Amino acid sequence: MPVEVKPRFVVLYGSQKGQAQSIAEGIAEEAEQHGLVADLSCLNETTKYNLEKENDPVVFIVSTTGDGEPPDNALQFVKRIKRKALSTDHYKHLCYALLALGDTNYANFCNCGKTIERRLQDLGAKQFYATGYADDGVGLEVVVDPWLEGLWNAIRGALSKMASDRTAHLKANTEDSAEETPDSSTPDVQISLLRITDHQNCESVGAAVETDSKFACAASSVASVVSDLRPASPAGSIGLASQCHGTASIPTSAPKTQAGDVGVPHVVLAASLTCSLPPLSESSLNVPALPPPYLDVSLQEADTIEQIVGPLNKETLHEVPVSKAVQLTRGDSVKTAILLELDISAYPMMTYQPGDSFDVFCPNRAAEVDNMLSRLGLQDQRNHLVNISLRKDTKKKGAQVPSYISQNISLLFLLTWCLEIRGIPKKAFLRALVEHTGDSVQRRRLQELCSKQGAADYNLYVRDPSLSILELLTAFPSCSPPLSLLIEHLPKLQPRPYSAASSCLTHSGKLHFAFNVVEFPACTGRPVGRRGLCTGWLFDLINPSPVFPGKAESSNSPALPKIHVSLRPNCSFRPPSDPSVPFMMVGPGTGVAPFIGFLQQRAEERQKNPEGVFGETWLFFGCRHRDRDYLFREELEGFVSSGTLSHLKVCFSRDDREDEESAAAQPRYVQHNLLLNSQHVTDILLRQNGYLYVCGDAKNMAKDVNETLLEMIKTELQVDQLEAMKRLAGLREEKRYLQDIWG
Ligand code: FAD
């Protein structure tokens with residue numbers, strides 16, 4: 001019997017946190033439904049693909065990390081394709097589509113995707129489908145979903161164009177084999193079916209794209225749910241005007257406020273995590289295809305299991321004592337900022353430079369791990385060994401046992417150190433949870449939350465409040481997922497980076513850092529507010545006595561708390577190597593942290609070399625109140641007195657603002673102070689080859705500072721917006737405008 005050969009394409013991904021990988025895997029899994037075969041590889045698996053000889057369409061899914069860097073597993077690939085020796089027709093045979101993931105809160109949005117695309121085009125590759133630029137700042141799915149929907153037609157189009165080009169080429173070869181030219185040896189494909197350039201225009205694009213089988217229409221299951229839910233009473237007209245679990249009867253029509261047919265008043269409820277209102281509650285739903293399970297997980301009683309405390313990758317990690325903890329803010333401040341000093345003297349190789357950051361490895365909260373164990377019904381097996389293997393019959397392409405889960409660990413260790421149990425459940429996870437939910441109303445709501453129609457509710461109730469899986473499971477009590485599902489869907493527990501707030505020249509053998517304790521307020525689905533995972537853990541670690549300055553570890557004093565850290569050098573966010581060059585620092589709130597390190601180092605250098613030429617230094621700092629959260633005030637004023645800091649510009653966003661006149665005259669935020677000093681700032685940047693460093697909040701501050709700089713350049717140089725943007729981009733490229741931002 002002839003074997004049907006399905007058309008093939010290639011999917012390559014570069015992924016830091018697993019999002020690009022999971023999209024790529026989703027594409028590979030869905031290929032079969034479209035009668036296609038996908039070869040899936042990570043960009044660093046160079047033995048699994050060969051672009052130099054690839055004659056089928058290639059789909060790239062790549063994220064961007066840090067300040068526009070490629071993810072670790074795409075670094076070598078990007079380096080390879082950037083080689084100058086490659087000729088302009090190196091990839092002439094290649095047809096590609098690319099989905100770039102990024103976050104507009106950070107500089108160099110989708111930079112890795114853009115770099116790969118630019119190089120592919122420089123090297124002659126042809127695009128068969130417009131590139132999607134998905135923005136995690138507003139929700140990746142806004143661009144990803146319509147992009148995926150249009151992808152299948154584009155692949156089919158590319159495949160048939162490539163096939164017909166090959167046929168034409170073969171024919172031409174047969175007719176005139178003597179006249180073969182290098183140009184005609186490769187298909188010339190230029191198919192562009194869809195234009196998705198940024199998130200602003202994608203909604204209209206999304207609306208125009210026909211839904212395909214990525215979204216298995218849930219109409220049938222919805223229909224059955226609805227029929228389950230129909231009240232037994234006549235005509236189904238009694239009930240609440242929402243799909244709310246725990247209620248006895250749910251209507252299938254729009255809400256009414258007057259009494260119903262049988263005299264029972266309708267109650268119109270507000271929508272919430274667990275309840276929806278029409279039209280969503282009455283809509284047919286397009287839900288993602290069910291992700292195929294791929295892990296077999298079993299628990300085994302074991303007496304010999306090593307009770308590991310702390311993360312596993314011990315070679316790169318150091319366990320260091322917290323030798324000092326100081327609360328930097330007053331008790332009545334809105335945010336609590338803490339300075340911690342780590343004693344790193346036992347690790348002389350841990351030398352750091354100002355501008356470097358380091359990772360803190362924190363465990364999940366014991367109470368949440370306990371809660372999760374009881375939710376899974378596995379409390380008694382907490383010390384059992386976890387055996388994880390691939391399901392033999394899995395349909396998941398490229399399925400692998402997660403590399404960050406080691407052999408020989410207990411269930412308790414897995415939930416404490418390996419899985420981000422605070423992770424925000426993705427839509428695919430919600431879709432998978434539906435299968436493990438008993439109550440039909442809850443099933444329907446989970447379907448809504450992962451559906452195309454329920455995208456706004458997903459953002460409102462899950463994504464924006466950073467709802468964790470545990471909070472979701474609490475809100476949906478009939479949902480009982482197996483442990484394997486959690487391992488399949490929860491991301492790796494990531495360490496949290498912090499900027500060094502000291503110089504090791506000033507604090508030999510010590511490393512300082514400062515952080516705000518992140519607070520998540522209560523919301524629907526979270527009855528009580530909670531702290532950020534790492535900052536909450538650090539806060540608890542040093543409480544109830546947050547201040548123990550200078551306490552040395554000795555045999556008779558209680559042991560200092562210890563944490564696991566590893567250094568993350570940042571080679572560009574460094575003070576200028578030439579001390580005579582002026583530089584400016586913008587760091588409101590805890591964004592000031594690395595600049596304390598910069599200034600400590602500068603003070604040491606000045607002391608060592610009193611005759612040296614030192615350029616001007618400027619610091620723009622901002623906080624709410626002078627008396628409550630002016631971090632490092634004494635130290636900063638000391639730098640000014642000693643001449644280490646030439647200009648300290650501080651603003652208070654909530655002080656002295658009662659009377660309108662004084663409020664208007666006062667700078668409120670750091671960018672206002674920049675504007676007030678526009679002449680100096682532009683002079684240093686544009687004429688004196690100086691540097692500008694920005695550190696702190698990525699969501700608002702860094703963007704506002706960027707906008708302000710554009711305005712200043714426009715005014716100073718009398719140029720238009722585009723020219724000002726080019727000048728600013730030039731400064732970035734020269735690494736004289738540098739950002740270290742987060743949030
Ligand atoms: P999680 O439980 O992980 O929750 C984080 C979530 O809280 C985020 O998704 C965000 O939505 C929200 N959030 C609210 N406020 C903040 C905030 N201020 N920062 C981050 N997320 C916030 N933080 C510092 O306080 N000081 C530093 O010096 C510092 N340096 C950093 C350097 C780098 C290179 C990077 C990438 C980040 C840095 N951060 C710093 C942020 C830090 O790594 C953590 O993200 C932050 O402390 C929150 O961790 P968490 O586990 O407590 O919160």
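Indexing begins at 1, ligand by ligand and atom by atom, following the structure's order. Count residues from 1 along the sequence. Nothing here was measured: the structure is a model prediction, and the numbers come from that model.
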Which class fits the ring pair Phe513 and Tyr498: parallel under 30°, tilted 30 to 60°, perpendicular over 60°?
tilted
Before we go on, tell me: are the rings of Tyr737 and Tyr693 under 6.0 Å apart, centre to centre?
no
Of all protein heavy atoms, the one nearest atom 28 (O) of ligand 1 is Ser499 N, 3.1 Å
Give me the nearest non-hydrogen protein atom to atom 34 (C) of ligand 1 as residue plus atom name, then the distance to 0.1 Å.
Asp740 OD1, 3.5 Å
Any idea which protein heavy atom is nearest atom 26 (N) of ligand 1, and the distance to it?
Ala514 O, 2.9 Å
Find the distance between CG (Leu373) and CZ (Arg375) and round it off to the nearest 0.5 Å.
12.5 Å
Could you check whether atom 42 (C) of ligand 1 has a protein contact, counting only heavy atoms that fall below 4.0 angstrom?
yes
Would you call Arg574 and Asp356 a salt bridge, using N to O less than 4.0 angstrom?
yes
4.0 Å heavy-atom contact, Tyr498 with ligand 1
yes
Identity and separation of the nearest protein heavy atom to atom 3 (O) of ligand 1
Arg496 NH2, 2.7 Å
What orientation do His512 and His507 show, parallel under 30°, tilted 30 to 60°, or perpendicular over 60°?
tilted
Using a strict threshold of under 4.0 Å (side-chain N to carboxylate O), is an ion pair present between Asp332 and Arg628?
yes
Does the protein place a non-hydrogen atom closer than 4.0 angstrom to atom 9 (O) of ligand 1?
no
For atom 37 (C) of ligand 1, what is the closest protein heavy atom, and at what distance to 0.1 Å?
Trp742 CB, 3.3 Å
At a 4.0 Å cut-off, with the gap strictly under it, does some heavy atom of Phe520 reach an atom of ligand 1?
yes
Hey, are Arg530 and Glu471 close enough for a salt bridge, meaning a charged N less than 4.0 Å from a carboxylate O?
yes
Using the benzene-type ring in the case of Trp, are the ring centres of Phe583 and Tyr691 under 6.0 Å apart?
no
Taking only heavy atoms of Asn516 into account, list the atoms of ligand 1 that are under 4.0 Å away from them.
25 (O)
List ligand 1 atoms under 4.0 Å from Thr535, heavy atoms only on the residue side.
47 (O), 50 (P), 52 (O)
Among protein heavy atoms, which lies nearest atom 16 (C) of ligand 1, and at what distance?
Val518 CG2, 3.7 Å
Can we call the ring centroids of Phe595 and Phe632 under 6.0 Å apart?
no
Do the side chains of Arg422 and Glu420 get close enough for a salt bridge, i.e. N-O under 4.0 angstrom?
no
among protein heavy atoms, the one nearest atom 35 (C) of ligand 1 is Pro497 CG, 3.6 Å
Polar-atom distance check: Gly536 versus ligand 1, any N or O pair below 3.5 Å?
no
Which protein heavy atom lies closest to atom 11 (O) of ligand 1, and at what distance to 0.1 Å?
Lys699 NZ, 3.8 Å
